[in-house]
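Below is one structure, written out as structure tokens; the observations come after it.
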Amino acid sequence: MIYPVVWNEDRVALIDQNRLPREYTQVEIRRSDDMAVAIKTMIVRGAPAIGVAAAYGMYLGSQEIDTRDRNAFLERLEAIGQMLRETRPTAVNLFWAIDRMLRVASETPGTVEQIRKTLLETAHQINREDLETCQSIGDFGLSSLPKHPEKLRLLTHCNAGALATAGYGTALGVVRSAWQAERLERLYADETRPRLQGAKLTAWECVQDGIPITVIADGMAAHCMQQGMVDAVVVGADRIAANGDTANKIGTYSLALVAKAHNIPFFVAAPRSTVDLSLSEGSQIPIEERDPVEIYQIGNTRLVPAGADFYNPAFDVTPAHLITGIVTEVGTFTPDRLQEAFQDDASIVSSL
Ligand code: MRU
């Protein structure tokens, strides 16, 4: 199993996702500001994984606060939360995890030391819960996939695998469950320009597990669907609004449009912590814009002549009407049923 975020005595070991698949290395994080840098620079990435990483970042931050005064401690913990919030804007799991850590801190009675202890336990719990959640998403996803043909050809975008979660994955969790149930013929993975999470990370995970994978350039997905090579699309999510509109890696929206045009089911797989009921629709989801260097350069080689301008949104929003089903750890819902399913869930907290 691949675990991207592992607690190790007094520090966090993160798989350095910027070095895969060339090199498997772990980066040790001992301070909250280093965790913020790791999230921002995508050493750790993927919505649930950055939530888990931020939770440990909050605990590391709690160790840096040098006071026994409870109120002063909570105030400084809030500031550490703010620093971590400012790393990436789109995936709501980041805010969800920070809010949960802050809530636990303020609700824990007793000394600062007792609060620190509870914070570490909560970070472990967020990590464990996400792993269990992904396994349930895999099961529900498998039962929601088309019944025919027996062996499915699935297509995914970006990396929503073990690396993007506590382990197992959301969209790739569904793929893993289909593979284990002998219902998968092949996974097609968009390479996912500009950061190439599909080509580098999804392909790496599948090769590790022996899952047959074909990597295609993003612009080839429509052709593959037209040629009858794809039975269903499964992607992850960074934030899902109350009406089911879904933000995910840039390129997801065009995939959904093409799937609709070819009558191919389009599934979003995500935990409840990705659902943001405070936003009524997808247009309210903040979309991260990243450094244009990701577009004009590959490695150290500049591809585009100086003088051109660039636009580099990291995510797009797929409208709910293009989504066949949203697979969560408690079942698969059509987008219009999402709000009703989750509105009474007190564990769902989000803020910007
Ligand atoms: O920019 P990234 O690599 O963090 O984007 C990741 C994605 O868009 C994933 O598809 C999403 O977070 C779901 S991960 C289970």
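The first residue of the sequence shown is numbered 1, and numbering continues consecutively from there.
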In Å and rounded to the nearest 0.5 Å, what is the [atom1] to [atom2] distance from [X] to [Y]?
| X | Y | atom1 | atom2 | answer |
| --- | --- | --- | --- | --- |
| Asp190 | Ile216 | CG | CD1 | 5.0 Å |
| Asn93 | Thr165 | CG | OG1 | 10.5 Å |
| Ile240 | Ser273 | CD1 | OG | 9.5 Å |
| Glu86 | Leu94 | CD | CG | 10.5 Å |
| Asp291 | Thr41 | CG | OG1 | 12.5 Å |
| Ile115 | Glu107 | CD1 | CD | 11.5 Å |

Would you kindly confirm whether [X] and [Y] end up in one hydrophobic cluster when ILVMFWY residues are joined by side chain heavy atoms under 4.5 Å apart?
| X | Y | result |
| --- | --- | --- |
| Phe267 | Ile264 | no |
| Leu84 | Leu60 | yes |
| Tyr253 | Val317 | no |

What do the steps show when you test Glu185 against Arg153 for salt bridge (charged side-chain N to carboxylate O under 4.0 Å, His left out), and what is the final call? CA-CA 6 Å; Glu185 182 172 316; Arg153 287 103 19 111; 5.1 Å; no

Heavy-atom check, side chain of [X] versus side chain of [Y], under 4.5 Å:
| X | Y | value |
| --- | --- | --- |
| Ser62 | Phe73 | yes |
| Leu131 | Met1 | yes |
| Leu322 | Phe266 | no |
| Arg116 | Val112 | yes |
| Ile250 | Ile287 | no |
| Val12 | Leu14 | yes |
| Gln17 | Leu201 | yes |

Using the salt bridge (charged side-chain N to carboxylate O under 4.0 Å, His left out) rule, take Asp231 and Lys147 through it: C-alpha gap first, then chi angles, then the decisive distance, then the call. CA-CA 10 Å; Asp231 300 304; Lys147 302 294 172 254; over 6 Å; no

Show your reasoning for whether side chain to side chain donor-acceptor pair (under 3.5 Å) applies to Asn312 and Glu294. CA-CA 8 Å; Asn312 186 20; Glu294 293 181 347; 3.0 Å; yes

Does the Lys NZ or Arg CZ of Lys249 fall within the cation-pi geometry relative to Phe315 - under 6.0 Å from the ring centre and within 45° of the axis?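 Positive - Lys249 is close enough to the ring of Phe315 and near enough to its axis.
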
Check this for me: does any side-chain nitrogen of one of [X] and [Y] sit under 4.0 Å from a carboxylate oxygen of the other?
| X | Y | value |
| --- | --- | --- |
| Glu75 | Arg70 | no |
| Glu121 | Lys117 | yes |
| Arg193 | Glu191 | no |
| Arg176 | Glu205 | yes |
| Glu78 | Arg76 | no |
| Arg31 | Asp34 | no |

Option from His321, Glu281, Gln339 for which side chain to side chain contact (heavy atoms under 4.5 Å, CB included) with Asn243 holds: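 So, applying the side chain to side chain contact (heavy atoms under 4.5 Å, CB included) to Asn243 and each of His321, Glu281, Gln339, only Glu281 qualifies.
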
Looking at [X] and [Y], would you say the former's side chain and the latter's main chain have a donor-acceptor pair under 3.5 Å?
| X | Y | value |
| --- | --- | --- |
| Asp238 | Ala91 | no |
| Arg85 | Ile98 | no |
| Arg272 | Glu329 | no |
| Glu129 | Ile126 | no |
| Asp245 | Ala320 | yes |
| Thr246 | Gly244 | yes |

Evaluate side chain to side chain donor-acceptor pair (under 3.5 Å) for Asp336 paired with Thr334, printing each intermediate quantity in order. CA-CA 6 Å; Asp336 58 316; Thr334 51; 2.7 Å; yes

Does [X], at its [atom1] atom, have more than 12 non-hydrogen atoms belonging to other residues, nucleotides or ligands within less than 6.0 Å?
| X | atom1 | result |
| --- | --- | --- |
| Arg302 | CZ | yes |
| Asp10 | CG | yes |
| Asn263 | CG | no |

Step by step, would you call Asp276 with Arg239 a salt bridge (charged side-chain N to carboxylate O under 4.0 Å, His left out)? CA-CA 6 Å; Asp276 185 352; Arg239 192 184 300 224; 2.7 Å; yes

Check the angle between the aromatic planes of Trp204 and Tyr24 and answer parallel, tilted or perpendicular using the 30° and 60° thresholds.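 Parallel.
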
For the residue pair Trp7 and Tyr56, does the interplanar ring angle fall in the parallel (under 30°), tilted (30 to 60°) or perpendicular (over 60°) class?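 Parallel.
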
Result of checking Arg195, Lys200, Arg45 against Asn18 for side chain to side chain donor-acceptor pair (under 3.5 Å):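 Of the listed options, the one satisfying the test is Arg195.
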
Pair Ser177-Tyr168, side chain to side chain donor-acceptor pair (under 3.5 Å): steps then yes or no: CA-CA 9 Å; Ser177 295; Tyr168 202 70; 2.7 Å; yes

Thr108 and Gln114: CA distance, side-chain angles, deciding distance, side chain to side chain donor-acceptor pair (under 3.5 Å) verdict: CA-CA 8 Å; Thr108 301; Gln114 281 160 334; over 6 Å; no

